[in-house]
Asker: 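For reference, the structure I am asking about is given below.
In this chain, numbering begins with 1 at the start of the sequence shown. Indexing begins at 1, ligand by ligand and atom by atom, following the structure's order.
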Amino acid sequence: MNKLHKDLSNALRFLSIDAVQKANSGHPGMPMGMADVATVLFKNFLKFNPKNPNWLNRDRFVLSAGHGSMLLYSLLFLTGYKSISLKDIKSFRQLNSICAGHPEYHQGTGIETTTGPLGQGIANSVGFAIAEEILKKKLGRKIINHKTYVLVGDGCLMEGISHESMSLAGHLKLKNLVMLFDNNSISIDGPTSLTVSDNFKKRFESYGWDCILINGHNKEEIFNALKKVQNAKKPTVISCKTKIGFGSPNKSGKASSHGSPLGADEIKLVRKALDWKYKPFEIPRSISDEWSRIGNKGAILEANWNKFYKRRKKKIDIVLKNNFSKALKSEKKIALKKNKSLATRKSSELTLNALTKENNTLIGGSADLAGSNNTKTKYQSIIKPGDFNGNYIHYGVREHAMCGIMNGLALHSKFVPYGGTFLIFSDYCKPSIRLSALMQQRVIYVMTHDSIGLGEDGPTHQPIEQLSGLRSIPNLNVLRPADRIETIECWELALKNLKTPSVLSLTRQNLDPIRKKYSNTNRCSFGAYEVLRTNKNINLTILASGSEVNLAIETSHKLAKDKIYSKVVSVPCQNLFDLQSKKYKEKILSETKFKISIEAASTDCWKKYIGTEGLTFGIDTFGKSAPYKEIYKYFGLTVENISKKTKNLIKG
Ligand SMILES: Cc1ncc(C[n+]2csc(CCOP(=O)(O)OP(=O)(O)O)c2C)c(N)n1
């Protein structure tokens, strides 16, 4: 091993060791084990410019094994990213430090995505690689031609999402995707032989990936493997046999180096073993200069690229332009003219038709439910193996991967990914939905069959607690429109909220129109708004969402016959309503003492609105298998039952 390589990789190791020791928590083992691979990658292959972390044609480096975050922070600091200083490294894992426990995405910092939940980074990187291929088709190879490198551990590869994502990546022949597998055979509980006997090579090859086996501490082998993948015809795993905690006399190769500080005494021994004579956090000038030189090369690369980019900038801006407003406005007018009973999943399809006719930054898809989720429009074509002219992805029955991949698509450039499945399977998507919200990414989840209204498929397919659960995720808009106009408005909200992902909760069954007059204002943007009142003076407020707004309207009319006057409030988005002014919220909620809510799902999230004098009509058990009108009846979600109980409440 030559001296320069040793110095460069040891700089990464010791920054990581010292930061973890100072924080008194963290994971030194992985950075110590993968320092050699990272050094060769950044020194010889990775195309990046620390002066412009947003450079469109940079290679993406994703640390899926997010617990090894100090490896990434050390690389970013040493190569000259402004986002991370030595002071930041010294405040690793402290409040508000950019060097958080696990990498947290912030645009323009070099941290490409938030990782930590193992395996997510793999799905994200498949999204990056797909985005690269689509963009390359649209803009040409001189503008877009880069790779995505994803560093994964044994843990990432044990997670189901790795199987789903890698299988799709192999199928699509994502030759620009390179996985660096930290094959150290250690995880937290000890050797991976406790749990895994996979033949990795066969596993990867069966997905359609190439697999190169190397010694992850041999500079030449690392170099040769990375050189080979520059002309890959398939996605490739470089399986790097490494020693976790490399250099630690007592802890290397052991789980004890995985997730705790090495300890002062052991660190002294590592310094000796690796011949590192410097104090904690000290990087000698000669070594830091070398790392800076590595970072500085990127500016030249970008400057050369810029020559082409500038020439074509106008065309690129047109290709990447999102102009959704015009399409949505005219769709609203058309919808009012053809106002008939329609399932909101169908209304969503009609909206998407209008959107995809004009815009090509929308990348649609579904987890094998394209026809049921109504996500594919006549203007979209399919992305196929090796052919990225299209804008619709058949994700297969891989919900979790779909959502992680959509995060990658959104992070990569200006693409707006949307993908469909049944609302019940949001449970299979949740870890990635949560990350869209945490990363403030505009990802749109089209979730149909959103209640017992789906009928005969029964309780396994009928969402109950999903809406309440999703609504409690910070920075996620759960949009449940009641008719075609609300569906258009909800799509507009999903597209306009650039830093908030959305779940569109849509029905299988037809719904009668609620909104019959054109309004320029997006009324759903208030989260809740009045759709009907049976008198000027009222003594009841009925809150409802989606398919239950019609039920609320009928109930309101029935109660009026008994001189109980009410207003009906459609609540397409609780999250947006909660953000309204105090005055607006009071106008909606404080007019009457009595309030009831109707939603064919868990009543949990309605309790905050109805107060102690109210009633919630919903379902707090599992659903039933039957024709849907019978199930509504079974759970008391009928005009008769709701009006009877409400009358008792008010009249005592
Ligand atoms: C989804 C998920 N489950 C569990 C964890 C907790 N966890 C963090 S690291 C780790 C073990 C990872 O092992 P490996 O990938 O081999 O990392 P190494 O020990 O080589 O650093 C676990 C279970 C997590 N971060 N994410």
Asker: So which protein heavy atom does atom 13 (O) of ligand 1 come closest to, and at what separation?
Answerer: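 The answer is Ser187 CB, 3.3 Å.
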Asker: Would you say Asn199's side chain and Lys201's backbone share a donor-acceptor pair under 3.5 angstrom?
Answerer: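 Yes.
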Asker: Among protein heavy atoms, which lies nearest atom 6 (C) of ligand 1, and at what distance?
Answerer: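 It is Ile188 CD1, 4.5 Å.
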Asker: Pick from Thr500, Asn407, Thr114, Asn475: which one makes a side chain to side chain donor-acceptor pair (under 3.5 Å) with Ser436?
Answerer: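 Of the listed residues Thr500, Asn407, Thr114, Asn475, the side chain to side chain donor-acceptor pair (under 3.5 Å) partner of Ser436 is Asn407.
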Asker: So which heavy atom in the protein is nearest atom 18 (P) of ligand 1, and how far is it from that ligand atom?
Answerer: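 So the nearest neighbour among protein heavy atoms is His258 ND1, 3.4 Å.
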Asker: Taking the side chain from Ser432 and the backbone from Cys403, do they hold a donor-acceptor pair closer than 3.5 Å?
Answerer: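 Such a contact is absent between Ser432 side chain and Cys403 backbone.
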Asker: Is the backbone N or O of Thr109 less than 3.5 Å from a side-chain atom of Ser83, with the two atoms forming a donor-acceptor pair by type?
Answerer: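 Yes, Ser83 side chain to Thr109 backbone: donor-acceptor pair under 3.5 Å.
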Asker: Between Leu118, Leu157, Thr115, Ile161, flag the one that comes closest to atom 4 (C) of ligand 1 by a heavy atom.
Answerer: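 Ranked by closest heavy atom to atom 4 (C) of ligand 1, first place is Leu118.
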Asker: Do any nitrogen or oxygen atoms of Ile244 lie less than 3.5 angstrom from nitrogen or oxygen atoms of ligand 1?
Answerer: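 No.
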Asker: At a non-hydrogen distance cut-off of under 4.0 Å, which region of Asn184 contacts ligand 1 (side chain, backbone, both, or neither)?
Answerer: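 It is the side chain that touches ligand 1; the backbone stays farther off.
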Asker: Centroid-to-centroid, Phe14 to Tyr278, below 6.0 Å?
Answerer: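 When the ring centroids of Phe14 and Tyr278 are compared, they turn out to be at least 6.0 Å apart.
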Asker: Which of the numbered atoms in ligand 1 are below 4.0 angstrom from a heavy atom of Met30?
Answerer: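 Heavy-atom distances to Met30 below 4.0 Å select 21 (O).
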Asker: Cut-off 3.5 Å, side chains only: do Glu220 and His5 have a donor facing an acceptor?
Answerer: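 No, no side-chain donor-acceptor pair sits under 3.5 Å.
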Asker: For atom 15 (O) of ligand 1, what's the nearest protein heavy atom and its distance?
Answerer: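 Protein heavy atom with the smallest distance to atom 15 (O) of ligand 1: Gly155 N, 2.7 Å.
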Asker: Going by heavy atoms, is Pro117 under 4.0 Å from ligand 1?
Answerer: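 A heavy atom of Pro117 does come that close to ligand 1.
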Asker: Kindly confirm or rule out an N or O of Gly116 lying under 3.5 angstrom from an N or O of ligand 1.
Answerer: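 Yes, since at least one N or O of Gly116 sits under 3.5 Å from an N or O of ligand 1.
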Asker: For residues 185-193, dump all side-chain donor-acceptor pairs below 3.5 Å to protein atoms at least two apart in sequence or in another chain.
Answerer:
unit_1, atom_1, unit_2, atom_2, d
Ser185, OG, Lys241, NZ, 2.9
Thr192, OG1, Ser185, O, 3.3

Asker: Considering only non-hydrogen protein atoms, determine which one is nearest to atom 16 (O) of ligand 1 and report residue, atom name and distance to 0.1 Å.
Answerer: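 Of every protein heavy atom, Ile186 O, 2.6 Å lies nearest to atom 16 (O) of ligand 1.
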Asker: Which atoms of ligand 1 are found less than 4.0 Å from any heavy atom of Gly153?
Answerer: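 Those of ligand 1 that fall under 4.0 Å from Gly153 are 15 (O).
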Asker: Look at atom 21 (O) of ligand 1 and say which protein heavy atom is nearest, naming residue and atom and giving the distance to 0.1 Å.
Answerer: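 Answer, as residue, atom name and distance: His67 NE2, 2.8 Å.
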Asker: Would you say the side chain of Ser426 lies within less than 4.5 Å of the side chain of Met447, judging by non-hydrogen atoms?
Answerer: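 Touching, per the 4.5 Å side-chain cut-off.
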Asker: For the side chain of Ser97 and the backbone of Ser91, is there at least one donor-acceptor N/O pair under 3.5 Å apart?
Answerer: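 Yes; at least one donor-acceptor contact below 3.5 Å.
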Asker: Is Gly29 close enough to touch ligand 1? Criterion: a residue heavy atom under 4.0 Å from a ligand atom.
Answerer: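 No, Gly29 has no heavy atoms under 4.0 Å from ligand 1.
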Asker: Would you please determine whether Glu159 falls within less than 4.0 Å of ligand 1 on a heavy-atom basis?
Answerer: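 Glu159 counts as a contact of ligand 1 under the 4.0 Å cut-off.
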Asker: Just distance, no hydrogens or angles: give the donor-acceptor pairs under 3.5 Å from side chains in residues 40-49, sequence neighbours left out.
Answerer:
unit_1, atom_1, unit_2, atom_2, d
Lys47, NZ, Asn145, O, 2.6
Asn49, OD1, Lys51, N, 3.0
Asn49, ND2, Glu302, OE1, 2.8

